[in-house]
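Atoms within each ligand, like the ligands themselves, are counted from 1 in listed order.
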Amino acid sequence: MTIKISVIGTGYLGATHAAAMAELGYDVVGVEVDPRRLASLQKGTLPFYEPGLDEVLMSNIGNGRLRFTDDAAEAAAWADVQFVCVGTPQEAGSNRADLSYLFSAIDALAGSIKQGALIVGKSTIPVGTTAVLKARFLEAAPDRTDVHFAWNPEFLREGFALEDTLHPDRVVIGVDDQESETALRQVYAPMITEGIPFIVTDITTAELVKVAANSFLATKISFINAMAEVCEAAGGDVTTLAEAIGHDARIGNRFLHAGVGFGGGCLPKDIRAFAARAEEIGAGEAVAFLGEVDAINLRRRDRMVQLTRELIGDDLTGRKLTVLGATFKPDSDDIRDAPSLAVARLLHQAGAQVTVHDPKGIPNAERYAPELSYEASLPAALDGAEVVLHLTEWREYRSVDPSELAALVASPNLIDGRNVLDLEAWKAAGWTVRAPGRTA
Ligand SMILES: NC(=O)c1ccc[n+]([C@@H]2O[C@H](COP(=O)([O-])OP(=O)(O)OC[C@H]3O[C@@H](n4cnc5c(N)ncnc54)[C@H](O)[C@@H]3O)[C@@H](O)[C@H]2O)c1
C-alpha cells in the first residue's frame, strides 16, 4: 500500500518536499495556512520561483498523487507520515528562533492525528525542540502515546531545490524508536537504493547537524571576507588568495568567494539561533565565534557603501545609483535578508536615488522595501546611473556587453560586489571598477 504523506507548511522547503515525495510515487497532501499560497498551489502554480519545480508540481497534481488543503485535521487523520516544514524565523527582538509556527502545527495535529502516525520535523530548529514539541503534543493529547516523533533536517539549496531533494548529498534521520526508523527507511528507500548516505542517529544529534552545517558554511564565507578586509588594508587581491588556498584539498574552493556576504532565510537566522541556544544550554563559549562570523558578514554591506563613496565622493544625496540584484542569490525570488537589498537601503538612507533591477525578485522586493525604485528592464534601470553595484550574481549580468552598458549610464563606475565579473573587460570598455578585497 502506498505511504500517505502530509507536508505541513508549503513554502520553499515544504512545497519542494511535497512535490518530490509525490514524484517518488507517494500520495501526498500539502497543508498551508496562507490563503494566497494555498490558492496558487491548488491551481498548480508555484507561489515562488524555483527552477524546474513547477513542472513536477503540475504533473503530480495532474496524476492525482498531490493535493493541497487548509484542512489540517483532515490531513492529520489521513497521513501515515506527517512532515512538518513550517518557518522558524528569527524571533522579534532577540536572536532566538521563533517556534510559534511549529507550536501551531503540532496543536493542529494533536486533535485528529492517525493512529500510530509519525511526525517528522524538517524545519531548522534549536537543539532540544523535538522534546518540547512532544511534551506539548502529549499535554494536548495525553492518551496519544502511539504517535512517534523524529527529526529529519533538510539541506536543500534554493535554485537547486528539486535536485537536492530527490538526490541529496545525504539523508539524516534522528529517531528514538525502531518503528520511526523503519517508516523513514521506507520513505527514503529510493535514495537508499541510489547509494545516497543514510545516517541514522538520535534526535539531538539530528537537530544539531543542520545548524552545525550552516555554521560551518557561514564561517567559511566570513573567513574569506575577513581575508578580503586584510587584503584591502594591505593592498592584496583576495580572489587570487582564495584560488591559491582553495587548491589545497583540505580547504577546497567552494564557498570561498569574497564579496558582499551571505544572506537569505537560513544562514543569518540559523547562526544567531544556534548561538542563542548554545548560551541557554551552557555552551555559549563554544560558538561565540559565530558572533564574529555575523559581524564580518554585516561589515561587508557597509563596505559597498564605502566603495561607492570612494568612486563618487562622500555626499550621496540625490546621486543616481543602480543595484543589480534584489534576491539573496540567483535562481530564486527569495529576498529574505538579501545583502543586495540591505545595501540598496543603506544607500537610500544616505540620500541616494537607488534603482534596483532583478530578473525574478522585484515583486517580493517591492513589498519589503517600497522606498526603493525598481526597474524590470536592465537598460531602463541603468539609465543615468553614476555607480552600478553588482550585488546578486545572476547569469545574465555576466553575459552583458560592458561597452553597451557604458553608453546607458551617466558615469561608467562599477562595483562588483560578488567578484565574478571579468573586470579587465569592463575596464577595457571604459569602466572604473572596484571590488571587495581587491585594490583598484
Ligand atoms: N528555504 C530553504 O532553502 C530551506 C532549506 C533548508 C531548511 N529550511 C528550513 O525550513 C523551514 C521552512 O523554510 P521555508 O524557507 O520553506 O519558509 P517559508 O516561510 O517559505 O514557508 C513556511 C510555510 O509554512 C506555512 N505555515 C506556517 N504555519 C503553518 C501551519 N501551522 N500549518 C500549515 N502551514 C503553515 C507558511 O504559510 C509558509 O507558507 C525553516 O525552518 C527553514 O530554516 C529552509
Does some non-hydrogen atom of [X] fall short of 4.0 Å from ligand 1?
X	answer
Cys85	yes
Lys210	yes
Ala72	no
Arg336	yes

Taking the six-membered ring for Trp, are Phe137 and Phe149 parallel (under 30°), tilted (30 to 60°) or perpendicular (over 60°)?
perpendicular
Evaluate the ring planes of His17 and Phe83, with Trp represented by its six-membered ring, and classify them as parallel (under 30°), tilted (30 to 60°) or perpendicular (over 60°).
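Perpendicular: the ring planes of His17 and Phe83 meet at over 60°.
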Quiz question: by atom type and distance under 3.5 Å, do the side chains of Tyr12 and Arg336 form a donor-acceptor pair?
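Checked: Tyr12/Arg336 side chains show no N/O donor-acceptor pair below 3.5 Å.
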Looking only at the side chains, is there a donor atom on one of His357 and Tyr374 sitting less than 3.5 Å from an acceptor on the other?
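On atom types as modelled, these side chains do not qualify, holding no pair under 3.5 Å.
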At what distance is the nearest protein heavy atom to atom 23 (C) of ligand 1, and which residue and atom is it?
Gly11 N, 3.7 Å
Distance to the ring centre below 6.0 angstrom and angle to the axis at most 45 degrees; does that hold for Arg300 and Phe262?
no
If you measure from atom 44 (C) of ligand 1 to every heavy atom of Pro153, Ser6, Cys266, Pro35, which option wins on shortest distance?
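Among Pro153, Ser6, Cys266, Pro35, the closest heavy atom to atom 44 (C) of ligand 1 comes from Cys266.
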Set of side-chain hydrogen bond (donor to acceptor under 3.5 Å, both in side chains) partners for Ser332, sequence neighbours left out:
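For Ser332, the residues satisfying side-chain hydrogen bond (donor to acceptor under 3.5 Å, both in side chains) (neighbours in sequence not counted) are Glu158.
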Which ligand 1 atoms does [X] reach within 4.0 Å, using its non-hydrogen atoms?
X	value
Ser104	31 (N)
Glu158	1 (N), 2 (C), 3 (O)
Gly87	12 (C), 22 (C)
Ile8	32 (N), 33 (C)
Val33	26 (N), 27 (C), 28 (N), 29 (C), 30 (C), 32 (N), 33 (C), 34 (N), 35 (C), 37 (O)

Backbone or side chain, does any N or O of [X] fall under 3.5 Å from an N or O of ligand 1?
X	value
Glu32	yes
Asp270	no
Leu13	yes
Arg157	no

Residues 35-43 side chain polar contacts: donor-acceptor under 3.5 Å, at least two apart:
residue: Ser40; atom: OG; partner: Thr45; partner atom: O; Å: 2.6
residue: Gln42; atom: NE2; partner: Phe68; partner atom: O; Å: 2.9

Between Asp27 and Arg65, does any NZ, NE, NH1 or NH2 come within less than 4.0 Å of an OD or OE carboxylate oxygen?
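Here Arg65 does not pair with Asp27 in a salt bridge, since their nearest N and O are not under 4.0 Å apart.
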Salt-bridged, Glu232 to Arg438, with N to O below 4.0 Å?
no
